[in-house]
Amino acid sequence: MPEAFIYTSSPGRIVFGSGISVKVAEEVERLGCARALILSTPFQKNDAEALAKDLGEMAAGTFTEAAMHTPVAVTEAALKIYNETKADCVVALGGGSTIGLGKAIAWRNEAPQVVIATTYAGSEVTDILGQTEKGQKTTVRDPKIRPETVIYDADLTLGLPVAMSVASGLNAMAHAVEALYAPDANPVTSLMAVEGLRALKSALPRIVEAPDDRDARADALYGSWLCGTVLGAVAMSLHHKLCHTLGGGFDMPHAETHAILLPHTAAYNAAAASAELARATELFGGDLGGGLYDFARSIGAPLALADYGLKESDLARAADMAVQSPYKNPREITRDGILALLRRAHAGQRPITT
Ligand code: NAD
């Protein structure tokens with residue numbers, strides 16, 4: 001019998017299925033729109049242009065300069081094109097970087113958004129926007145940031161490189177682990193979190209084995225939807241705080257930093273949140289931090305922060321930054337505790353549950 005809880009469901013429409021992205025035009029129409037600006041990164045430019053061709057007159061144009069951490073200057077350039085082409089909605093094709101651009105546009109002009117998500121990061125189902133200007137990353141939450149429609153088509157993820165798939169999948173799993181011990185966790189988000197972890201734990205090794213395995217890709221997208229949904233529904237703690245610190249303060253790459261830190265942050269909180277984490281702990285063989293580390297290693301995930309340019313001499317400053325502003329976490333955040341965690345993650349050592 002659960003104790004008292006509050007659950008607010010997300011209003012987003014989810015359209016899931018292999019080959020389903022041919023329905024983009026229907027989804028644009030369904031939002032009452034007729035001229036979509038298609039967004040992507042330079043890397044997915046060809047896909048964005050092919051989509052624009054398929055949409056014909058329904059494509060107002062393409063903007064293919066989306067970049068990591070949503071620089072405000074890029075958003076302003078995209079808004080200019082949005083206005084010049086008389087677009088009335090955006091279609092974001094890609095991962096968190098492209099989705100972030102769509103959200104940044106919508107936050108400014110309330111453009112309806114259709115997202116075709118092609119990584120596992122989960123941004124498409126949250127009302128969170130992180131943007132950067134003059135080296136500063138700020139985060140806003142607003143209902144108008146959450147995309148109206150999300151399309152998950154496993155066919156579009158077959159080409160997501162294995163290394164990116166692994167890191168992105170672990171990024172998603174981190175949302176689920178933190179959702180389980182969130183101060184505002186509830187029975188529905190916890191069910192979603194455990195199912196998301198289960199789906200990704202099953203899918204990622206199969207993707208490593210055969211990147212074009214459609215079923216594995218569909219399972220991973222299903223898991224990432226669940227994990228993203230809980231990211232958008234409850235508060236995150238130590239893990240996301242540390243990743244934000246390392247991303248913003250030390251320019252560490254997003255998905256890889258999540259992947260490396262997850263076993264360590266899970267180990268840090270394992271004893272303090274043992275009841276909340278019980279189902280996840282069982283899934284990973286009775287020791288969540290160690291089990292996650294072994295899992296990450298078995299699928300070739302990045303393990304050491306040192307491999308991504310973080311210097312040993314940066315660790316003390318990172319620990320100082322991470323303890324600056326207080327936030328809720330199952331276990332007390334101490335500078336020494338965080339520094340010890342960072343040292344092991346820096347060296348790529350297996351975490352010790354303390
Ligand atoms: P990304 O969007 O930066 O993508 C990385 C690269 O992979 C890009 O070049 C992209 O074009 C390419 N790519 C994406 N999908 C592909 C596919 N299927 N096939 C081939 N190439 C593909 O990576 P990401 O990890 O999804 O997003 C990271 C960004 O998202 C960060 O800025 C992070 O802060 C943000 N984010 C935000 C939230 C939120 O809720 N606001 C949640 C998660 C991540």
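Indexing begins at 1, ligand by ligand and atom by atom, following the structure's order. Residue numbers start at 1 and run along the sequence shown.
Counting only heavy atoms of the protein, atom 41 (N) of ligand 1 lies nearest to Ile128 O, 2.8 Å. Annotation: atom 11 (O) of ligand 1 to nearest protein heavy atom, Thr41 OG1, 2.5 Å. Closest to atom 3 (O) of ligand 1, if we only count protein heavy atoms, is Ser97 OG, 2.5 Å. Counting only heavy atoms of the protein, atom 32 (O) of ligand 1 lies nearest to His69 N, 3.1 Å. Among protein heavy atoms, atom 38 (C) of ligand 1 sits closest to Ser123 CB, 3.4 Å.
With a heavy-atom cut-off of 4.0 Å, Thr118 touches ligand 1 through backbone and side chain alike.
Atom-to-atom distance recorded for Leu226:CG and Leu200:CG is 8.5 Å, nearest 0.5 angstrom. Atom CG of Asp219 is separated from atom CG of Asp215 by 7.0 Å, given to the nearest 0.5 angstrom. The OG1 atom of Thr64 lies 6.0 Å from the CD atom of Glu49; values are rounded to the nearest 0.5 Å. The CH2 atom of Trp107 sits 11.5 Å away from atom OG1 of Thr70, with the distance rounded to the nearest 0.5 Å. Atom CG in Asp287 sits 11.5 Å away from atom CZ in Phe284 (nearest 0.5 Å). Distance check: Lys241 NZ to Asn329 CG gives 11.5 Å after rounding to the nearest 0.5 Å.
Remark: among candidates Ser40, Gly96, Ala121, the nearest residue to atom 30 (O) of ligand 1 is Gly96, based on non-hydrogen atoms. Evaluated by nearest non-hydrogen atom to atom 44 (C) of ligand 1, the leading choice among His254, Glu256, Gln44 is His254.
Nearest approach of Val230 to Ala176, heavy atoms of both residues: CG2-CA, 4.1 Å. Listed here is the closest heavy atom pair of Lys328 and Pro183: CD-CB, 3.7 Å.
Atoms of ligand 1 found under 4.0 Å from any heavy atom of Leu156 (numbered from 1 in listed order, with element): 18 (N). Residue contact check: Met164 has heavy atoms under 4.0 Å from atoms 4 (O), 5 (C), 23 (O), 25 (O) of ligand 1. The atoms of ligand 1 that sit less than 4.0 Å from any heavy atom of Gly95 are 2 (O), 26 (O). Near Gly159, with a cut-off below 4.0 Å to any heavy atom, the atoms of ligand 1 are 19 (N), 20 (C). With ligand atoms numbered from 1 in the order given, ligand 1 contributes 9 (O), 11 (O), 12 (C), 20 (C), 21 (N) to contacts under 4.0 Å with heavy atoms of Phe43. With ligand atoms numbered from 1 in the order given, ligand 1 contributes 34 (O) to contacts under 4.0 Å with heavy atoms of Lys137. When each atom of ligand 1 is checked for a heavy atom of Met68 under 4.0 Å away, the hits are 3 (O), 28 (C), 29 (C), 31 (C), 32 (O). Of all atoms in ligand 1, numbered sequentially from 1 with element shown, those under 4.0 Å from a heavy atom of Thr126 are 39 (C), 40 (O), 41 (N).
Classified by interplanar angle (parallel below 30°, tilted 30° to 60°, perpendicular above 60°), the ring pair His264/Tyr293 is perpendicular.
The shortest N or O to N or O distance between Thr119 and ligand 1 is under 3.5 Å.
Taking the side chain as every heavy atom from C-beta outward, Glu133 and Pro71 never approach each other to under 4.5 Å.
In this structure, the ring of His175 has its center no less than 6.0 angstrom from the ring center of His239.
Using a 4.0 Å heavy-atom cutoff, Lys103 is listed among the residues neighbouring ligand 1.
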